[in-house]
Amino acid sequence: MGGFAESVRERVRAARAAVAEARAADDAYALAVAEDELDDAIRVALGVGVAPDAEPDGSGVAPDGGTPGAGTGPDRGGAA
């Protein structure tokens, strides 16, 4: 499942980046769309048994050094 799992994780990373961009631009509509995409990407990842923040080696360390699952709460872990 290596390539598939990495594709799922990439979708989560891209969605998180879109949330951060929308926040930085103070674009409420883009933020709502990006947050919906992030919610869906995380739901899909968890639904197929892929840890959204795991490294390709399965270490479970988020690319930013955070802990797996961090940033999936109401504020998605982005800077305010």
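Since this is a predicted model, take the numbers as computed values, not measurements.
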Who pairs with Ala18 by side-chain contact (heavy atoms from CB on, under 4.5 Å), at least two apart in sequence or on another chain?
Ala34
Mind listing the closest non-hydrogen atom pair of Val19 and Glu35 along with its distance?
CG2-N, 3.8 Å
Reference residue Pro52; test side-chain contact (heavy atoms from CB on, under 4.5 Å); the match among Val8, Leu38, Val12
Val12
By salt bridge (charged side-chain N to carboxylate O under 4.0 Å, His left out) - contacts of Asp40 (at least two apart)
Arg11, Arg43
Which atom names give the shortest non-hydrogen contact between Arg9 and Ala51, and what distance separates them?
NE-O, 3.2 Å
Taking atom CG of Asp53 and atom CZ of Arg13, what is their separation to the nearest 0.5 Å?
9.0 Å
